[in-house]
Amino acid sequence: MAKNPRLVPADPRLFRAQVVDSRMLTPSLRRVTVAGDELAEFDHLGFDHWFRLFLQLPHQDELYLPAVSGRKWWTAYLDIPEERRPHCANYTVAAFRPAEREMDIDFVLHRSAAGELEGGAAIWADAARPGDGIAFLDQGALYDQPDDTSEVLVVADETGLPGAAGILASLAPHTTGLLIQEVPTRGDVRELPAPAGVEVRWIVRDELDSGAGLDGAAAHAIPGRAALAELTRLESTADTAYAYVVGESDLATSGRRHLRRLGLAKERIFFSGYWRSEKKDALQPA
Ligand SMILES: Cc1cc2nc3c(=O)[nH]c(=O)nc-3n(C[C@H](O)[C@H](O)[C@H](O)COP(=O)(O)OP(=O)(O)OC[C@H]3O[C@@H](n4cnc5c(N)ncnc54)[C@H](O)[C@@H]3O)c2cc1C
């Protein structure tokens, strides 16, 4: 949750919408477009504006939603009987078009080690059809650079790409800095609108050889490791930098640790483990 009240919705509320389009944006990301009259009241803040997304599961006959009261929703969500409880996952506004009352959501289509699509949200997105209903609970933005920031450093795996793209598109034109963006394949690399002074450095996971990173090819199979390796190559940051590190939990926590070692104050680092890889547990020595 953002600490800055400016970035937190004054009255967090649920918005309902329907799918109007779904397409593969790149090999790893499916873009689902939703629209609805309620979106007329959505106040898009840009940057990494995110929300809690509620989805109907295949066995459910309708989308049951929790009662939201101020910031409270979790207990009401758990009170919904399990067979009716919607799937809930966190996502970012990839694009918002107020005139059309439309929003794009970019879903990473993540797969199990056996290659099967996994995760309620990823499976839902893959099957999304026009007319399918969704609801989302507005959470505001997390990116919150101090006023005296001299340069920005954004580091993300593919789950952080919608947020990183939103941040770059929202930065003041004179901003300088670096985005380290890891993606699974070359096809996921795309043009990102950004200030001229911000370098966009793509790290393509399936092009890395076993010697390129931390501990070999198996480790590169885990999203975030390659971005972390690139981040740990940095040997200095300005005292007045602002760093934002999101993605798999090790990228977030180890990335923050490296930045602290470089001397960056903790107030100038935002880090968030967006998700946790279970594959990495299998790679740990017994
Ligand atoms: C603030 C915020 C914003 C986010 N924005 C986005 C966004 O815009 N787009 C997006 O795709 N994700 C985004 N995420 C990450 C997303 O919430 C997680 O990836 C989430 O786990 C996906 O839910 P699911 O139902 O598909 O899978 P879950 O049911 O949560 O997980 C099922 C299994 O899949 C594994 N898994 C989950 N995500 C991944 C992944 N990316 N790669 C490999 N394995 C995975 C889990 O370890 C678990 O084993 C965001 C997270 C946060 C906190």
Side-chain angles (χ1 to χ4, degrees), residues 1-3 7-9 12 22 24-34 44-58 74 77 85-96 103-128 134 136-144 154 156-167 169 181-185 188 192 205-206 219-227 244-253 270-283:
M1 177 67 70
K3 294 187 200 105
L7 304 175
V8 183
S22 171
M24 291 308 293
L25 182 67
T26 66
S28 308
L29 282 179
R30 179 167 279 278
R31 173 160 289 184
V32 177
T33 301
V34 299
H44 182 219
L45 300 173
F47 294 93
D48 58 343
H49 197 150
W50 69 289
F51 49 84
R52 301 195 190 273
L53 179 63
F54 296 97
L55 301 168
Q56 186 178 333
L57 289 164
W74 178 243
Y77 173 72
R85 195 180 302 145
H87 186 67
C88 177
N90 302 322
Y91 280 85
T92 306
V93 180
F96 183 64
M103 180 168 86
D104 295 335
I105 313 169
D106 291 350
F107 293 82
V108 173
L109 294 185
H110 54 93
R111 295 178 184 278
S112 67
E116 302 285 323
L117 209 56
E118 66 176 354
I123 291 170
W124 178 90
D126 193 54
I134 63 120
F136 66 92
L137 181 59
D138 186 9
Q139 299 292 296
L142 297 163
Y143 183 93
D144 188 15
V154 176
D157 71 7
E158 58 268 32
T159 61
L161 175 52
I167 290 167
Q181 179 63 63
E182 180 178 328
V183 285
T185 70
D188 294 309
L192 298 181
R205 200 157 55 236
D206 73 1
H220 283 316
I222 297 178
R225 292 278 172 103
Y244 175 99
V245 188
V246 300
E248 205 284 320
S249 61
D250 279 354
L251 167 59
T253 53
F270 175 83
F271 71 111
S272 176
Y274 270 17
W275 64 284
R276 188 177 186 286
S277 168
E278 288 163 16
K279 284 183 202 151
K280 71 188 176 193
D281 301 334
L283 291 174

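Just follow the structure's listing: the first ligand is 1, and inside any ligand the first atom is 1. Positions are given from 1, in the same order as the sequence printed here.
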I'd like to know whether the aromatic ring centres of F270 and Y143 sit less than 6.0 Å apart in this structure. no
Return the closest protein heavy atom for atom 25 (O) of ligand 1 as residue, atom name and distance. H87 NE2, 2.6 Å
With heavy atoms under 4.0 Å as the rule, classify the contact between A122 and ligand 1 as side chain, backbone, both or neither. both
What I'd like to find out is whether the side chain of H87 reaches to under 4.5 Å of the side chain of F54, using heavy atoms alone. no
With atoms numbered from 1 as shown, which atoms in ligand 1 lie under 4.0 angstrom from a non-hydrogen atom of A89? 23 (O)
Decide yes or no for L161 and V183: does some side-chain heavy atom of the first lie under 4.5 Å from some side-chain heavy atom of the second? yes
Determine whether S22 and V32 make a side-chain contact, defined as any pair of heavy atoms from C-beta on separated by less than 4.5 Å. yes
Could you tell me the residue and atom name of the protein heavy atom closest to atom 26 (O) of ligand 1, and the distance to it rounded to 0.1 Å? H110 NE2, 2.8 Å
Heavy atom of the protein closest to atom 53 (C) of ligand 1 (residue, atom name, distance): Y274 CD1, 3.5 Å
Starting from atom 19 (O) of ligand 1, which protein heavy atom do you reach first, and at what distance in Å? W275 CB, 3.8 Å
Mind checking whether V246 contacts ligand 1 via backbone (N, CA, C, O), side chain (CB onward), both or neither, at a 4.0 Å heavy-atom cut-off? neither
Under-4.0 Å heavy-atom contact between protein and atom 8 (O) of ligand 1: yes
Side-chain touch L251/Y274, heavy atoms, less than 4.5 angstrom: no
Any nitrogen or oxygen of L142, side chain or backbone, less than 3.5 Å from one on ligand 1? no
Ignoring angles and geometry beyond distance, decide whether T92 reaches within less than 3.5 Å of ligand 1 through its nitrogen or oxygen atoms. yes
Closest approach of G160 to V246 (non-hydrogen atoms, all atoms of both residues): CA-CG2, 3.9 Å
If we only count heavy atoms from C-beta on, is the M103 to F136 side-chain gap below 4.5 Å? yes
So which bit of Y91 gets within less than 4.0 Å of ligand 1, heavy atoms only: side chain, backbone, both or neither? both
With rounding to the nearest 0.5 angstrom, report the OG1 to CG distance, T92 to D104. 12.5 Å
of all protein heavy atoms, closest to atom 27 (O) of ligand 1 is G119 CA, 3.3 Å
When you look for heavy atoms under 4.0 Å from ligand 1, do you find them on the side chain of R276, its backbone, both, or neither? backbone
Please classify the A121 to ligand 1 contact at 4.0 Å (heavy-atom distances, strictly less than): side chain, backbone, both or neither. both
Taking only heavy atoms of F107 into account, list the atoms of ligand 1 that are under 4.0 Å away from them. 11 (O)
Which residue and non-hydrogen atom of the protein lie closest to atom 48 (C) of ligand 1, and at what distance in Å? E278 OE2, 3.8 Å
For atom 6 (C) of ligand 1, closest protein heavy-atom neighbour: T159 O, 3.5 Å
Per-atom filter on ligand 1: closer than 4.0 angstrom to a heavy atom of G120 are 24 (P), 25 (O), 29 (O)
Quick one: look up the protein heavy atom nearest atom 35 (C) of ligand 1 and list residue, atom name and how far away it is. E118 OE2, 3.6 Å
Heavy-atom distance to atom 16 (C) of ligand 1: which of N90, D106, D48 wins? N90
Please confirm whether G273 comes within less than 3.5 Å of ligand 1 when only nitrogen or oxygen atoms on both sides are compared. no
